[in-house]
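Please read the structure below before turning to the comments.
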Amino acid sequence: MRDPLSVLTDAFTSFLFGKVETTRSPVRTSTGQAQAVYLPTAAPGLGDSGVIIGREVYSGKGYIYDPFQLYGQQLPAPHWLVLGESGNGKSALEKTYVLRQLRFRDRQVVVLDAQGEDGVGEWNLIAEELGITPIRLDPMAALDHGIRLNPLDPAITTTGQLALLRTIIEVAMGHGLDERAGFALKVAHSYVNESILDRQPVLSDIVEQLRHPEPESAEAMNVAIDDVRAWGLDVALVLDRLVDGDLRGMFDGPTTVGIDLDAPLIVFDLSHIDRNSIAMPILMAIVGVWLEHTWIRPDRKKRIFLVEEAWHIINSPFVAQLFQRLLKFGRRLGLSFVAVVHHLSDVVDGAAAKEAAAILKMASTRTIYAQKADEARATGRVLGLPRWAVEIIPTLTPGIAVWDVNGNVQVVKHLVTETERPLVFTDRAMTESSSDLTADDALRAAELEAEQRAAAFVEQHLGDSESTVA
């Protein structure tokens, strides 16, 4: 109990200066109740310029991403890695992203479509909607006047042609060329380019010259002609597979006339190629170099190169080195490389671990959909993800992913508009009975229904952005 003098002193002070202190009894509460005292906070977004992806899960804010707008201070490289198990929304994200990018007039996209359905590539619907014919690389169709890409096309520089020939051979052989085989290939290529002037040189010309080298090529190095022929024999056998083997028809003739490299969307349909055969990395190499020398130009266009099943690139040392050079070169000319991979362990533990690490390092944007716990932890270690992000990756539902944009890590819900839905998803659910639907199909249908109201926001934003930048 306070003494009378203290009470009198406090009363006199309060009379002169007013009451200066309020005494309250302590309150016992829980953190669940006390959280209302604090203002809500949310991680900063990436700005409001670009294409909308969806909404950030925890804040509900719209999530907008564009590597060309962010490049520089916020993003050191425009390349993007997309990871995750099948059936979680990678394909839907890629397709809507491309459709939304194409609303900008200065965008152009090339897609390597390695997945097929009903005899056509997965991007066939989108290509048809845009009035574009996919470039379908099919060994059987090629024999019947189908699409051909010539590795010796004059549009590719002489140096590029030789580099491409070496890459094709090294991929097929599984090891690098030794000096003697490399010399035999070099002199054969040089002779063909110098002697054939009335038409496009083709691979069969190289094979023929390897089998029957000119005496001058041996004399120049002071070796026997039989030695030069022996050095080039293995090289000739590998190239013969493209001329008269299981890959014949696609690369052993002049490039097909009419391939429109100025179209807003170019789709290479690889769905008829066995994804587990040596043909796929060879195709990747040929298409990559062909695009490097015929498509990427200093014309101020922003280009996107999207590769499905990209582990065919990253898991081959020779193809990975080729694409690594393409990425470094393309960055100066406005190229964003998008690699879609199911499991990071497919590449980081493979034969091209060093090359894979270099390509992954170039990808400043990483989007990770649901993975099993062990895979998520391995992915987190390789990509340097924060612990909280690694822990939630196994719990993510379809359409939701962890986005890491140069250290800005957020959880994003991808939204699909009504306009995009028929192009992004097939009509299988309309034509099959409910008993034929897989668990993934049913889960996807439920997700789409839940997103229907929120997608209207995306539709409105896309309309606003189109009127702004068109």
Side-chain angles (χ1 to χ4, degrees), residues 110 133-172 177 181-218 220 225 228-229 231-263 266 268-270 273 279 282-297 322:
V110 162
T133 302
I135 302 171
R136 185 163 293 119
L137 294 173
D138 181 354
M140 299 306 296
L143 295 175
D144 189 24
H145 306 290
I147 297 294
R148 282 185 172 90
L149 295 179
N150 185 12
L152 303 178
D153 193 314
I156 303 175
T157 64
T158 302
T159 303
Q161 292 176 10
L162 185 58
L164 178 52
L165 290 173
R166 288 186 65 101
T167 300
I168 293 171
I169 295 162
E170 289 172 339
V171 169
L177 284 181
F183 171 76
L185 176 64
K186 178 182 177 181
V187 296
H189 174 254
S190 177
Y191 179 82
V192 166
N193 270 349
E194 292 173 1
S195 62
I196 299 178
L197 304 176
D198 58 339
R199 59 176 175 81
Q200 282 191 18
V202 293
L203 285 180
S204 57
D205 298 322
I206 300 290
V207 173
E208 181 63 22
Q209 187 59 27
L210 287 167
R211 287 172 172 168
H212 304 96
E214 294 298 314
E216 292 81 1
S217 61
I225 190 69
V228 176
R229 184 181 297 107
W231 296 346
L233 180 59
D234 287 344
V235 175
L237 291 174
V238 171
L239 292 180
D240 185 65
R241 182 177 178 184
L242 301 181
V243 174
D244 198 30
D246 53 343
L247 297 179
R248 67 189 185 279
M250 292 187 291
F251 311 109
D252 57 339
T255 299
T256 301
V257 177
I259 295 178
D260 185 7
L261 292 179
D262 293 319
I266 305 167
F268 286 90
D269 183 349
L270 312 180
I273 309 297
I282 289 177
L283 274 169
M284 295 285 188
I286 291 176
V287 172
V289 172
W290 194 74
L291 289 174
E292 177 185 353
H293 291 271
T294 59
W295 179 58
I296 301 176
R297 289 166 272 174
L322 188 155

So [Y] and [X], do their side chains get closer than 4.5 Å, heavy atoms only?
X: R148; Y: D252; answer: yes
X: F268; Y: L291; answer: yes
X: V171; Y: M284; answer: no

Item to check | Partner residues of W295 under the side-chain hydrogen bond (donor to acceptor under 3.5 Å, both in side chains) criterion, sequence neighbours left out | outcome: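 Applying side-chain hydrogen bond (donor to acceptor under 3.5 Å, both in side chains) to W295 gives Q108.
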
Checklist entry - Listed by chain and number, what are the side-chain hydrogen bond (donor to acceptor under 3.5 Å, both in side chains) partners of E216, not counting sequence neighbours? => result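 Partners of E216 by the side-chain hydrogen bond (donor to acceptor under 3.5 Å, both in side chains) criterion come out as none, since no residue qualifies.
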
Mind checking what makes side chain to side chain contact (heavy atoms under 4.5 Å, CB included) contact with [X], not counting sequence neighbours?
X: L162; value: L185, K186, H189
X: S195; value: Y191
X: A163; value: none

Could you report the tightest heavy-atom contact between [X] and [Y], atom names first, then the distance?
X: V238; Y: A172; answer: CG1-CB, 3.5 Å
X: Q209; Y: V192; answer: CB-CG2, 4.2 Å
X: D269; Y: P134; answer: CB-CB, 4.3 Å

Item to check | Sequence neighbours excluded - salt bridge (Lys or Arg N to Asp or Glu O under 4.0 Å) pairs with any residue from residues 203-212 | outcome: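 Non-adjacent pairs meeting salt bridge (Lys or Arg N to Asp or Glu O under 4.0 Å): R199-D205, R211-D240.
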
Nearest 0.5 Å, what's the [atom1]-[atom2] distance between [X] and [Y]?
X: I266; Y: I135; atom1: CD1; atom2: CD1; result: 6.0 Å
X: L210; Y: L233; atom1: CG; atom2: CG; result: 9.0 Å
X: L137; Y: F251; atom1: CG; atom2: CZ; result: 6.0 Å
X: L164; Y: I168; atom1: CG; atom2: CD1; result: 4.0 Å

Item to check | Worked verdict on T133 versus D260 for side-chain contact (heavy atoms from CB on, under 4.5 Å) | outcome: CA-CA 9 Å; T133 302; D260 185 7; over 6 Å; no

Checklist entry - Which pairs count as side-chain hydrogen bond (donor to acceptor under 3.5 Å, both in side chains) when at least one residue sits in residues 163-172, sequence neighbours excluded? => result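 As it turns out, there is no side-chain hydrogen bond (donor to acceptor under 3.5 Å, both in side chains) pair with a partner in residues 163-172 once direct neighbours are skipped.
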
Counting only pairs under 3.5 Å, give me each side-chain donor-acceptor contact of residues 149-157, with atom names and distances, residues two or more places apart or in other chains.
residue	atom	partner	partner atom	Å
N150	OD1	L152	N	3.0
N150	ND2	Q200	OE1	2.9
N150	ND2	P201	O	2.9
D153	OD1	A155	N	2.8
D153	OD2	T255	OG1	2.6
T157	OG1	G160	N	3.0

Item to check | Residues that D262 engages under salt bridge (Lys or Arg N to Asp or Glu O under 4.0 Å), provided they are two or more places apart | outcome: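 For D262 the salt bridge (Lys or Arg N to Asp or Glu O under 4.0 Å) partners, ignoring immediate neighbours, are R297.
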
